[in-house]
K.L.:
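My questions all concern the structure below.
Quick caveat: nothing in here was measured; it's all calculated off a predicted structure. Numbers for residues simply follow the sequence, beginning at 1.
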Amino acid sequence: GDYLMARVANSGESLSLTQQAAVRAAAHETMRMFVAEGMFLLLLLLGGMLLILRAMQRELVAHRQHKDFLSAVTHELRSPIASARLYLESILLGRASGEKTQRYLKHAKEDLDRLNEQVDALLAAAKVRRASPEVTAQALDIAPHVKSCVEHIQQAGLPVGARLDCFTDGEALAVADAHAVSAIVTNLVSNSLKYGGDPARVEVRVATRGERVELSVRDFGPGLRGADAQSIFKPFVRGKDDGVQMLPGTGLGLYMVAELARALSGDVRAEDQLEGGGLCIRVRLPLAQIKADA
């Protein structure tokens with residue numbers, strides 16, 4: 001305003017008081033516009049920098065998770081290969097004969113079976129990441145199905161001293177897929193037996209609750225140990241403490257459980273810091289309405 005007034009004075013022209021006030025008001029308004037636009041641009045710049053920093057942080061986290069995943073997968077695949085190779089080389093070099101040969105062959109086959117299971121699990125996880133799991137949702141009483149899965153796991157052999165129990169509360173008719181339920185139970189039980197303490201104690205329960213059928217798998221171990229309850233269902237995420245990192249695993253089991261539950265229009269959640277310790281994973285599936293429609 002003063003600058004404009006000085007320009008006018010130098011030109012030899014004079015302005016009335018009203019004109020002078022108008023000039024000052026226009027100058028102040030222009031200055032406010034410049035300041036407002038400057039602040040807006042500054043906020044945009046700061047917002048863009050914040051978004052870039054967050055994106056970089058996500059990339060770093062993803063890179064670290066992929067690195068941990070590749071390291072875990074390499075160990076998981078190399079271990080049975082090395083073991084089977086050692087048994088077979090011992091036989092070929094004549095270091096085993098008779099009953100010892102049969103025992104070595106049995107161990108080598110077990111290692112190859114384990115390797116095959118791990119490869120199938122990795123392929124299944126890769127398929128799930130590319131597209132939604134293929135499921136055939138239909139009315140299924142999951143109580144006997146879950147119980148059968150648990151019995152199969154028990155017959156295959158549990159870790160030394162481990163205890164696995166299954167409890168069902170009558171019929172639990174859900175909208176589900178038999179293969180998907182088997183994969184969910186297998187992954188959850190395997191996870192609980194692995195991280196649920198030494199020796200592990202695992203409880204599997206199936207019950208109807210309102211409009212949902214709930215499948216829960218609980219252990220009585222130390223719990224999440226550094227992992228966030230909201231993040232454990234993301235791919236490649238595992239607990240951060242040494243006790244978890246030293247155990248075999250790829251961080252894909254719970255991710256597959258969550259994806260299968262969502263494909264069946266269900267949901268999954270983790271509960272930590274329970275009375276008595278441990279971690280409980282609850283999978284809820286829609287209740288089938290066959291009875292009500294009959």
Side-chain angles (χ1 to χ4, degrees), residues 113-114 116-156 164-194 202-219 229-237 249-271 279-294:
D113 289 341
R114 181 158 62 97
N116 184 64
E117 292 177 359
Q118 292 166 352
V119 171
D120 287 344
L122 290 172
L123 292 176
K127 185 177 180 180
V128 167
R129 293 209 72 195
R130 288 195 302 269
S132 298
E134 296 180 2
V135 297
T136 303
Q138 57 185 352
L140 175 69
D141 184 1
I142 70 170
H145 191 74
V146 170
K147 189 172 183 180
S148 176
C149 291
V150 170
E151 291 175 350
H152 179 74
I153 295 173
Q154 291 170 330
Q155 293 170 2
L164 173 60
D165 297 310
C166 182
F167 305 94
T168 59
D169 186 15
E171 186 181 63
L173 201 61
V175 179
D177 176 274
H179 296 294
V181 172
S182 295
I184 289 173
V185 174
T186 300
N187 277 288
L188 290 181
V189 171
S190 174
N191 194 73
S192 294
L193 289 173
K194 185 186 301 181
V202 179
E203 292 182 355
V204 180
R205 296 181 182 273
V206 180
T208 300
R209 304 189 186 282
E211 297 298 316
R212 296 277 178 168
V213 173
E214 184 179 272
L215 161 65
S216 65
V217 178
R218 180 189 175 176
D219 64 60
Q230 301 301 320
S231 68
I232 61 174
F233 299 107
K234 296 179 180 179
F236 316 125
V237 174
T250 59
L252 291 172
L254 294 180
Y255 165 71
M256 291 190 62
V257 168
E259 290 298 307
L260 289 170
R262 280 191 281 266
L264 293 170
S265 299
D267 56 60
V268 59
R269 71 177 188 271
E271 295 180 2
L279 173 70
C280 182
I281 306 294
R282 300 185 187 276
V283 177
R284 299 190 306 166
L285 301 175
L287 183 68
Q289 299 297 326
I290 290 182
K291 285 186 175 182
D293 298 337

K.L.:
Return the CD to OG distance between Glu151 and Ser148, rounded to the nearest 0.5 Å.
P.N.:
6.0 Å
K.L.:
Look at atom CG of Asp169 and say whether more than 12 heavy atoms of other residues, nucleotides or ligands are closer to it than 6.0 Å.
P.N.:
no
K.L.:
What pair of heavy atoms forms the shortest contact from Phe233 to Ala258, and how long is it?
P.N.:
CB-CB, 3.9 Å
K.L.:
Can you list everything that forms a side chain to side chain donor-acceptor pair (under 3.5 Å) with Arg282? Sequence neighbours excluded, please.
P.N.:
Glu214, Glu271
K.L.:
Could you list the donor-acceptor pairs under 3.5 angstrom formed by side chains in residues 174-186, with sequence neighbours left out?
P.N.:
| from | atom 1 | to | atom 2 | distance (Å) |
| --- | --- | --- | --- | --- |
| Asp177 | OD1 | His179 | N | 3.0 |
| Asp177 | OD1 | Ala180 | N | 2.9 |
| Asp177 | OD2 | Thr136 | N | 2.9 |
| Ser182 | OG | His145 | NE2 | 3.0 |
| Ser182 | OG | Ala178 | O | 3.1 |
| Thr186 | OG1 | Ser182 | O | 2.8 |

K.L.:
Given the rule in the side-chain contact (heavy atoms from CB on, under 4.5 Å) test, do Val206 and Lys147 qualify, once you have shown the distances and angles that lead to the verdict?
P.N.:
CA-CA 9 Å; Val206 180; Lys147 189 172 183 180; over 6 Å; no
K.L.:
I need the minimum non-hydrogen distance between Thr168 and Ala143, along with the two atoms involved.
P.N.:
CG2-O, 3.8 Å
K.L.:
Closest approach of Val202 and Ser192, non-hydrogen atoms and distance?
P.N.:
CG2-CB, 3.6 Å
K.L.:
Between Gln154 and Leu164, which heavy-atom pair has the shortest distance, and what is it?
P.N.:
NE2-O, 2.7 Å
K.L.:
Roughly how far apart are Asn191 CG and Leu254 CG, rounded to 0.5 Å?
P.N.:
4.5 Å
K.L.:
Could you check whether any side-chain heavy atom of Val204 comes within less than 4.5 Å of a side-chain heavy atom of Leu215, counting everything from C-beta outward?
P.N.:
yes
K.L.:
Tell me, do Val257 and Leu188 make a side-chain contact under 4.5 Å, heavy atoms counted?
P.N.:
yes
K.L.:
Kindly compute the distance separating CG (Asp141) from OG1 (Thr208), expressed to the nearest 0.5 Å.
P.N.:
8.5 Å
K.L.:
Could you tell me whether the side chain of Val268 reaches within less than 4.5 Å of the side chain of Ile281, counting heavy atoms only?
P.N.:
yes
K.L.:
Look up atom CG in Leu264 and atom CD in Glu259, then write down how far apart they are to the nearest 0.5 Å.
P.N.:
11.5 Å
K.L.:
Is a side-chain N or O of Asp165 found less than 3.5 angstrom from the main chain of Glu203, in a donor-acceptor match?
P.N.:
no
K.L.:
Testing the basics here: between Arg212 and Arg284, what is the closest heavy-atom pair and its distance to 0.1 Å?
P.N.:
NH1-O, 3.7 Å
